[in-house]
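Below is one structure, written out as structure tokens, with a few remarks after it.
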Amino acid sequence: MKENENTILKLVCKWRTELMGIAILWVVLFHAGFQLRGALDTIQAIGYGGVDIFFLLSGIGLYYSLQKSEDMIPFYKRRARRLFPSYLPFIFVWCIYMLHGSEWSADTMARIVAGNFFMTGWIADIGVQFNWYVQVIFWVYLLTPLFYKVITATSKRWQRIALLFWSLLLGIAFWYDDNHLMGVSRLPIFLVGMMWAHECTLKSRQEAVTEKTTKRKFWQKGGILIFLFLIGMGILLSCYYSLQKETMWGFGLWWYPFLLIAPGMCFLLCLLFEEIEQIKGVKRLLKPLRLIGKASFEIYLIHLAAFEIVPQYIWVTLNKRWLVLVIASILVGIAYHLLVEGVQKIVENHNKKVQNERQ
């Protein structure tokens, strides 16, 4: 480990994009129709955990974003720039496809379209919504400045723990409401990310420690994260192999163990990335993973649509065909990301040019 990577959170921030790449690949694996066996089948079955990694990393990133400036308008502009240029054109085409030739009434179709465009369909429980995650992350972004104010206003650690406990209790109201619990159960891991960043900020201001002490604390805290990771995996796998799937869905047992799993998993992956970075030739693998991480949102959109639509027209049951569809979805997602980024840069450069001419 390099000397400047002397805290776990710094390490996570360094490899944030690569972690997002791993997370989206895991999510894609989860949604794919591969017929796997043994450990691979289990890894695929819990691939939704990639979403929890996204929420954890988002909590960390958004905390630091607001720490630099608490001005809400620039904050929301940055979030909108990342979300809407990719989402709005995509959801426009998706709605046309889904509603074309349908027998729904005009008012029903209007509610479906409005729910998808204004991110209210998941909350209002309107049918034919593209996906719950996009709408949940929108509302989390919207509420993030409030969470930041509450977290930074708490002077005691027990107060932050109480906030986390409240977010856990909130899920009780949605037991056996699978659709909404899937989103509500992700709020705690998002808050963990924000609180993790806050704790590290406080300690960096309060502590002045030697390099030796820093390294010792790094491995002590890393050991704790690994221990919690193992406990979380033990809980998840014991539930997976002993409980009915309906019970796990009903009480959120698919998702809550990732409160323990996600931080430790990110830590272990970062250690792996650090080792790979030192190996010539092998470290080149990190570049495509980083690109996948940057395009993770677009890949998320494209692969969900592809996995839903393509099997209706092409027989996709064999693993080889699923592999082709997975690779194609990832490549199209990357291409869409590059297209959106390119168009945004052109528009921004044009706006700057116009402003300079006016001055």
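Heavy-atom basis, side chains included; hydrogens, waters and symmetry copies ignored. As the structure is a prediction and not an experimental result, all values here were calculated from the model.
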Is atom OH of Tyr76 surrounded by more than 12 heavy atoms (other residues, nucleotides or ligands) closer than 6.0 Å? yes
Quick one, Thr42 and Arg37 - any side-chain contact, counting heavy atoms below 4.5 Å? no
Hey, are the side chains of Val28 and Phe307 touching, using non-hydrogen atoms and a 4.5 Å cut-off? yes
Testing the basics here: between Leu66 and Pro145, what is the closest heavy-atom pair and its distance to 0.1 Å? CD1-CA, 3.8 Å
Salt bridge or not between Glu277 and Lys283? Use side-chain N to carboxylate O under 4.0 Å. no
Given side-chain hydrogen bond (donor to acceptor under 3.5 Å, both in side chains), test Thr144 with Tyr63 step by step and report yes or no. CA-CA 8 Å; Thr144 294; Tyr63 177 89; over 6 Å; no
Start with the C-alpha distance between Leu289 and Leu25, add both sets of side-chain angles, then the distance that settles side chain to side chain contact (heavy atoms under 4.5 Å, CB included), and finish with yes or no. CA-CA 9 Å; Leu289 185 60; Leu25 290 177; 4.1 Å; yes
Heavy-atom closest pair (Phe258 atom, Pro263 atom, distance to 0.1 Å) is O-CD, 4.0 Å
Heavy-atom pair with the smallest gap, counting every atom of Gln129 and Gly115: OE1-C, 3.0 Å
Side chain to side chain contact (heavy atoms under 4.5 Å, CB included) between Asn349 and Lys353, intermediate numbers included: CA-CA 6 Å; Asn349 290 335; Lys353 184 178 180 180; over 6 Å; no
What I want to check is whether the side chains of Asp71 and Ser69 have a donor and an acceptor closer together than 3.5 Å. no
Could you tell me whether Ile73 atom CD1 has more than 12 heavy atoms of other residues or ligands within 6.0 Å of it? no
When hydrophobic residues are tied together by side-chain contacts of less than 4.5 Å, even through go-betweens, does Leu202 share a cluster with Ile161? no
Stepwise side chain to side chain contact (heavy atoms under 4.5 Å, CB included) check, Arg186 with Asp52: CA-CA 7 Å; Arg186 267 43 186 258; Asp52 295 274; 3.1 Å; yes
Is any side-chain heavy atom of Leu271 less than 4.5 Å from a side-chain heavy atom of Leu11? yes
Please name the pair of heavy atoms, one in Gln135 and one in Gly121, separated by the smallest distance, quoted to 0.1 Å. OE1-N, 3.1 Å
What one should report as the nearest heavy-atom pair of Tyr336 and Pro85 is OH-O, 4.0 Å
Could you report the tightest heavy-atom contact between Tyr64 and Cys13, atom names first, then the distance? CE1-SG, 4.1 Å
Glu199 with Arg157: basic N within carboxylate O range, under 4.0 Å: yes
For Gln312, is the CD atom crowded, meaning more than 12 foreign heavy atoms sit under 6.0 Å from it? yes
Partner of Tyr133 by ring-ring contact (aromatic ring centres under 6.0 Å, His included), out of Tyr87, Phe55, Trp122: Phe55
To the nearest 0.5 Å, what is the distance between CD1 on Ile22 and CG on Leu272? 8.0 Å
Does Phe227 have more than 12 heavy atoms from other residues, nucleotides or ligands lying within 6.0 Å of its CZ? no
Can you check whether Phe251 and Tyr176 have ring centres sitting under 6.0 Å from each other? yes
Calculate, to the nearest 0.5 Å, the distance between atoms OG and CG belonging to Ser167 and Leu259 respectively. 7.5 Å
Between Met182 and Val136, is there a side-chain heavy-atom distance shorter than 4.5 Å? no
Whether the Trp26 and Gln44 side chains hold a donor-acceptor pair (N or O, under 3.5 Å, no angle test) is what I'd like checked. no
So, is the end of the Lys245 side chain (NZ or CZ) under 6.0 Å from the ring centre of Tyr240 and within 45° of the ring's axis? yes
Is it true that the NZ or CZ of Arg79 lies under 6.0 Å from the centre of Phe75's six-membered ring and within 45 degrees of the ring axis? yes
CD1-CD1 distance between Ile8 and Ile224, expressed to the nearest 0.5 angstrom: 8.5 Å
Centroid separation under 6.0 Å, is that true for the rings of Trp132 and His180? no
Given Phe54 and Tyr300, is the ring-ring contact (aromatic ring centres under 6.0 Å, His included) satisfied, shown in steps? CA-CA 12 Å; Phe54 278 118; Tyr300 191 86; 7.4 Å; no
Donor-acceptor contact present, side-chain Thr152 to main-chain Lys149, <3.5 Å: yes
Is the side chain of Asn116 donor-acceptor paired with the backbone N or O of Val128 at a distance under 3.5 Å, no angle test? yes
Between Phe130 and the options Tyr97, Phe117, Phe90, the ring-ring contact (aromatic ring centres under 6.0 Å, His included) test singles out Phe90
Could you walk me through whether Ser329 and Leu325 satisfy the side chain to side chain contact (heavy atoms under 4.5 Å, CB included) test, starting with their C-alpha distance in whole Å, then the side-chain angles of each, then the deciding distance to 0.1 Å, before giving a yes or no? CA-CA 6 Å; Ser329 299; Leu325 182 55; 4.1 Å; yes
So Lys14 and Glu274, salt bridge (charged side-chain N to carboxylate O under 4.0 Å, His left out) or not? Walk me through it. CA-CA 10 Å; Lys14 173 186 175 181; Glu274 286 285 305; 2.7 Å; yes
Assert yes or no for the condition that the ring centre distance of Trp249 to Trp255 is strictly below 6.0 Å. yes
